[in-house]
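Below you'll find the structure, written out as structure tokens, and then a few comments.
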Amino acid sequence: MNLPNGPRYSRWLRLMKFIFTPLEYLEENYQRYGDIVLVERKNKAPFVYISNPEAVKQVFTSPDIVEHSGISSTERSLTSYLFGSNSLVVLDGDRHRQTRKLLMPPFHGDRLNEYSQLIDNITDRVTNNWKIDRPMVVRPIMADISLQVVLQGVFGLNRGKRYDRLKGLISSLLDTLGSPAFNAVIFFAFLRQDWLPFSPWKRFVAIKEEVKQIIYEEIGDRRQELANSSRTDILSLLISAKDENGEGMSDEELHDHLMTLLVVGYETTVTGLCWAVYWIASLPEVRQKLVAELNTVDSKDLDRVAKLPYLNAVCKESLRLYPVALGASPRTLKYPTNIMGYDLPAGAALMPSIYLVHHREDLYPQSKRFIPERFLEREYSPYEYFPFGGGNRRCIGSALAMLEMKLVIANLFAKFELNLSSTEPVKPVRRGETMAPSANLEIVVTGLKEQKKPVLV
Ligand code: HEM
């Protein structure tokens with residue numbers, strides 16, 4: 001059998017490198033073995049990283065050779081436990097296709113425009129008391145904005161007691177999931193024990209149960225309320241959605257979808273926003289061009305703001321250079337298949353590597369530099385640029401996430417002169433499944449724009 005090459009050293013060392021220095025691990029393998037890298041697994045078909053756009057296309061577009069989800073049984077049990085067994089991310093085949101069909105409409109077309117005002121209002125509220133010369137840590141700010149967008153746009157919750165309780169719990173849940181201690185829990189199933197002192201698992205289980213109870217309460221109340229009102233948040237739309245047989249979703253299904261959208265959608269958007277703020281605040285020429293473009297439109301004409309080309313290019317470049325997810329979810333081969341001249345066995349898990357494709361010098365010259373202009377000068381195919389994955393598992397929240405990134409960035413940089421509070425270069429660090437700028441990244445307001453008067457502290 002003609003198999004691709006790959007690292008042959010111990011499984012533990014590979015795992016440690018992947019957990020602690022994932023970018024270096026991926027790049028080292030790419031330098032040594034090229035566009036397709038095979039990693040042996042104990043008692044399982046191999047794992048294969050792919051960074052060739054033609055091969056990525058084959059993986060994303062061949063439903064008859066590629067099973068939908070190649071997540072391992074360990075990951076599957078953690079994901080099922082966290083989201084529930086009806087979650088889109090653990091479903092395969094027909095059920096996955098049908099569930100996507102039910103979940104997609106609220107994330108597209110006119111529905112999406114309804115979120116613009118919400119995102120802008122929330123950003124205004126969160127930045128209302130910003131003061132000159134006071135350094136602020138970026139992550140909690142972006143987390144606050146994104147969580148409010150999810151709670152109001154997805155859950156349709158109005159501010160009040162339940163909103164505050166859920167907001168506090170979900171922040172803790174996601175901080176626990178993104179903590180370095182929880183990284184170990186993701187990769188080592190034996191650490192999922194609640195008798196261990198200070199166990200991150202124990203804390204996670206307790207918060208998750210409380211969140212679950214609140215979600216069920218909200219679903220119950222909303223079902224009653226919907227009989228007399230028409231609402232447009234995602235929960236209300238999902239309650240009203242019917243499948244091909246005219247059946248609506250059970251409470252359990254609704255809970256699993258909400259939990260999925262919350263966890264998958266929130267952490268990723270926060271990280272995308274933090275990177276975008278970092279790049280714009282650290283590169284004066286990018287900031288100047290962006291601000292010049294923002295000045296050409298009324299900052300409250302959100303439709304026009306969302307269509308600004310340089311703003312769009314800045315957000316895209318940000319998701320290119322450090323994609324929030326290093327790879328798309330792995331797909332499992334149904335049959336032995338030839339990819340790039342290699343014979344891969346049935347059962348092999350194929351992972352299109354977003355990070356490696358986004359750093360191919362033939363596609364992105366000087367790939368480690370932040371150059372938004374590349375997206376103004378060239379159109380990339382969905383196999384050359386895919387921060388949201390692709391094929392039949394492509395992120396269903398991509399349009400909402402891009403809209404949120406653009407409107408939050410536009411709002412901040414149209415109102416404030418923002419700089420980083422330190423000139424130290426920022427490194428990407430693992431936060432659960434995502435790569436984020438280090439947690440202490442700080443910005444400082446150095447001036448106010450528009451009619452606002454500076455508030456001195
Ligand atoms: C910058 C923000 C985001 C990034 C970079 C991102 C990235 C991704 C990626 C790479 C995948 C895997 C796709 C594949 O395997 O081909 C994915 C799946 C998914 N994303 Fe996102 N995402 C973001 C925001 C969101 C938001 C806001 C939501 C919803 C509120 C969301 C919901 C989902 C869901 C439900 C899936 C699973 C799709 C399936 O399995 O069929 N994501 N996302």
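Every number for a ligand or one of its atoms is a count from 1 in the order of the listing.
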Please work out whether any backbone atom (N, CA, C, O) or any side-chain heavy atom from C-beta onward of [X] is under 4.0 Å from ligand 1, and answer side chain, backbone, both or neither.
X: His257; result: neither
X: Pro387; result: backbone
X: Met402; result: neither
X: Tyr266; result: neither

So which heavy atom in the protein is nearest [atom], and how far is it from that ligand atom?
atom: atom 15 (O) of ligand 1; value: Ser329 OG, 2.5 Å
atom: atom 37 (C) of ligand 1; value: Val89 CG1, 3.6 Å
atom: atom 13 (C) of ligand 1; value: Arg393 O, 3.1 Å

Query raised in the report: Between Asp144 and Arg139, is the closest basic N to carboxylate O distance under 4.0 Å?
Result: no
Query raised in the report: Between Glu247 and Lys242, does at least one N-O distance fall below 4.0 Å, as a salt bridge requires?
Result: no
Query - Asp110 atom CG, neighbour heavy-atom count above 12 within 6.0 Å - result: no
Report task. Give a yes or no on whether Lys368 atom NZ has more than 12 heavy-atom contacts from other residues, nucleotides or ligands under 6.0 Å away. Result -> yes
Query raised in the report: Is the backbone of Gly391 close enough, under 3.5 Å, to the side chain of Arg393 for a donor and an acceptor to pair up by distance?
Result: no
Query raised in the report: When you measure from the side chain of Arg431 to the backbone N and O of Ala436, does any donor-acceptor pair fall under 3.5 Å?
Result: no
Return yes or no for this condition: an N or O of [X] is under 3.5 Å from an N or O of ligand 1.
X: Thr269; value: no
X: Thr260; value: no
X: Gly390; value: yes

Requested in this report: Would you kindly say whether Thr99 and Arg95 are connected by a side-chain donor-acceptor distance under 3.5 Å?
Outcome: no
Report summary line: Atoms of type N, O or S from the protein that sit nearer than 2.8 Å to atom 21 (Fe) of ligand 1 number exactly 1
Atom indices of ligand 1 within 4.0 angstrom of [X] heavy atoms, with elements:
X: Ala328; answer: 14 (C), 15 (O), 16 (O)
X: Leu88; answer: 35 (C), 38 (C), 39 (C), 40 (O), 41 (O)
X: Arg331; answer: 14 (C), 15 (O), 16 (O)
X: Phe107; answer: 29 (C), 30 (C)

Please check if the distance between the ring centroids of [X] and [Y] is under 6.0 Å.
X: Phe386; Y: Phe60; value: yes
X: Tyr364; Y: Tyr380; value: yes
X: Phe375; Y: Tyr385; value: yes

Query raised in the report: By side chain to side chain donor-acceptor pair (under 3.5 Å), which residues pair with Thr269, not counting sequence neighbours?
Result: none
**Report entry** Listed partners of Leu237 passing side-chain contact (heavy atoms from CB on, under 4.5 Å), at least two apart
**Finding:** Pro106, Arg111
Contacts under 3.5 angstrom, residues 305-314 side chains, donor-acceptor by atom type, not counting sequence neighbours:
none

Report task. Tell me, please: is His96 in heavy-atom contact with ligand 1, that is, under 4.0 Å? Result -> yes
